[in-house]
S.K.: 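Have a look at this one before I ask anything.
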There are 2 protein chains.
Amino acid sequence: MGKKAYHHGNLRAALLAAAREILDTDGAEGLSLRKVARQTGVSPTALYSHFRDKRELLAVLATDGFDSLTRRMQEEAARSPSEPTGSGPQLAGLARGYVLFAIDNRALFRLMFGRDSGDLLEFPQLAEAGSRAYTMMAEAVTQAMREHAIAGKGSIAATAAWSTVHGLAMLILDGRVSAKDQGASDDADLVDHVCGMLNFGI
Amino acid sequence: MGKKAYHHGNLRAALLAAAREILDTDGAEGLSLRKVARQTGVSPTALYSHFRDKRELLAVLATDGFDSLTRRMQEEAARSPSEPTGSGPQLAGLARGYVLFAIDNRALFRLMFGRDSGDLLEFPQLAEAGSRAYTMMAEAVTQAMREHAIAGKGSIAATAAWSTVHGLAMLILDGRVSAKDQGASDDADLVDHVCGMLNFGI
DNA sequence: GGCACATCTTTACACTGTAAAGATATACTG
DNA sequence: CAGTATATCTTTACAGTGTAAAGATGTGCC
């Protein structure tokens, strides 16, 4: 195994788990390295053997978050009943997955889309994980446009879809939009209604 | 004036100005109360005579930001040539104003939409300023729907419009979307193209 | 002129991220 | 198996943060 039976077992994973837990409990503001170390039962500077600094720890968390987001979108798309048409409802499922993930992982989602690009480009794995999520959605959009014979540039449509879903998620997290205020029975329902305003077949 | 000729003149405005300047230069991360105090030439704890704590200072900044956002949207809507139809292009102008404001005031925009609702509700003036911006846009949306005889709930359409514009702004700030990658000549051009995907008359 | 009060300063404390140097157990080499 | 190198973790230290508490200082009112 190489790393298993060192001093701690493997500290890196334990630190990430503790950080994730604190993130969910106290938000990004309440996540301090010392608290992570305390909860893991280790000295305050033990992290620096596994992470360059705090930002790298957060970057790893965010990278995992993007992979979870991709998975969640796929799950939600698979859950929706597949019609004979093909991937019509798939797009709606992806949208639902995106927003529901944000709601279920508030602080993590904020972390993933927090800083400027400069902070992100420093961690190529993060950028790649983000691109994977985007690519999946973009392909579904272009495919849906092809099936429904919608004209227009595919990349613009994908950007529009992403923007709508992302903005809705953010506004919900901020408490500026809520399902009941919009007369929707459910958050998923709200997503369907809002995305229905996009003029390609969702 | 009452507050003019005290010790400093009026410190509150000076502190806000310094904070705004630091926010634009170093971002929200680099904005510390001590730096604000240093730049204003005052002791580190002088702020506490004018603001309860740091969050109140930031809340005032964000409140002003929402008012500036509203103004910018109106300006941009007024700039676009008014057609005989009425308020068709007005909606596009509002959208442009929203995104361009975000681009021109990166850190401030992030501050305005940063924390959870719990943090905001503590400062009612902030929530009101945000509502003012939203209401203006929502009314323009419902009016446009009436003119173009679009069916559907107005509040859902307004939420969709806001989501799209807000998401686009956020993704641009994150460096995940750029005008040239999308083949747009300009950021304003990109906004027009993306909002063109919404199926009510923009 | 004296009092009350708003304003600003001084001092202090707990907390943060992290650099530097020391301890320690594991892995590799002879 | 012995000994050295190396990854891992601890100790110590420092500059910086937000802010509470108490003291100083000028302003406006009676």
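Lettering of chains follows the sequences in order, A, B, ..., and the numbering in each one begins at 1.
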S.K.: What is the distance from CG of B/Leu31 to C1' of D/dG18, rounded to the nearest Å?
M.R.: 13 Å
S.K.: Is it the case that the side chains of A/Asn105 and A/Arg20 hold a donor-acceptor pair, with the cut-off being a distance below 3.5 Å and no angle test?
M.R.: yes
S.K.: Should A/Ser32 be listed as having a side-chain N or O under 4.0 Å from OP1 or OP2 of C/dT16?
M.R.: yes
S.K.: Under the salt bridge (charged side-chain N to carboxylate O under 4.0 Å, His left out) rule, what pairs show up with a residue in residues 57-74 of chain B, not counting sequence neighbours?
M.R.: B/Asp67-B/Arg132, B/Arg72-B/Glu76, B/Arg72-B/Asp104
S.K.: Which of residues 33-41 of chain A sit near DNA chain C, with a heavy atom under 4.0 Å from it?
M.R.: A/Leu33, A/Arg34, A/Arg38
S.K.: So does B/His50 get a side-chain nitrogen or oxygen closer than 4.0 Å to the phosphate oxygens (OP1/OP2) of C/dA6?
M.R.: no
S.K.: Hey, can you pull the residues of residues 13-25 of chain A with a non-hydrogen atom under 4.0 angstrom from DNA chain C?
M.R.: none
S.K.: Checking B/Ser43 now: which residues fulfil side-chain hydrogen bond (donor to acceptor under 3.5 Å, both in side chains) with it, not counting sequence neighbours?
M.R.: none
S.K.: Any salt bridge between B/Asp181 and B/Arg176, counting N to O under 4.0 Å?
M.R.: no
S.K.: Among C/dT18, C/dT9, D/dC9, which nucleotide sits nearest the side chain of A/Lys54?
M.R.: C/dT18
S.K.: Would you say the side chains of A/Ser163 and B/Thr164 form a donor-acceptor pair under 3.5 Å?
M.R.: no
S.K.: If you find the nucleotide of DNA chain C closest to B/Leu47 and the one closest to A/Asp53, which residue's nucleotide is nearer the 5' end?
M.R.: B/Leu47
S.K.: For a 4.5 angstrom cut-off between non-hydrogen side-chain atoms, does A/Leu57 reach A/His50?
M.R.: no
S.K.: Got a list of protein N/O to nucleotides 20-24 of chain D N/O distances below 3.5 Å?
M.R.:
none

S.K.: A/Leu15 and side chain to side chain contact (heavy atoms under 4.5 Å, CB included): which single residue from A/Val60, A/Leu47, A/Leu33 fits?
M.R.: A/Leu47
S.K.: Under 4.0 Å between a side-chain nitrogen and a carboxylate oxygen: does that hold for B/Arg52 and B/Glu122?
M.R.: yes
S.K.: Between B/Thr159 and A/Gln182, do the side chains contain a donor N or O and an acceptor N or O under 3.5 Å apart?
M.R.: yes
S.K.: Once you round it to whole Å, what is the distance between P of C/dC15 and CG of A/Asp26?
M.R.: 14 Å
S.K.: Can you tell me if A/Ser49 touches the phosphate of D/dT8, counting only side-chain N or O atoms and a distance under 4.0 Å to OP1 or OP2?
M.R.: no
S.K.: Of the nucleotides C/dC8, D/dT10, D/dC9, which has the atom closest to the B/Ala46 side chain?
M.R.: C/dC8
S.K.: Taking CG from A/Asn10 and C1' from D/dC9, how many angstroms apart are they, rounded to a whole number?
M.R.: 15 Å
S.K.: In terms of side-chain geometry, is the basic nitrogen of B/Arg106 or B/Asp24 positioned less than 4.0 Å from the acidic oxygen of its partner?
M.R.: no
S.K.: Using atom CD of B/Glu29 as one end and atom P of C/dG17 as the other, report the distance to the nearest whole Å.
M.R.: 12 Å
S.K.: Report the distance from atom CD of B/Glu56 to atom C1' of D/dG18, rounded to the nearest whole Å.
M.R.: 15 Å
S.K.: What residues form a ring-ring contact (aromatic ring centres under 6.0 Å, His included) with A/Phe109, not counting sequence neighbours?
M.R.: A/Tyr98, A/Phe113, A/His166
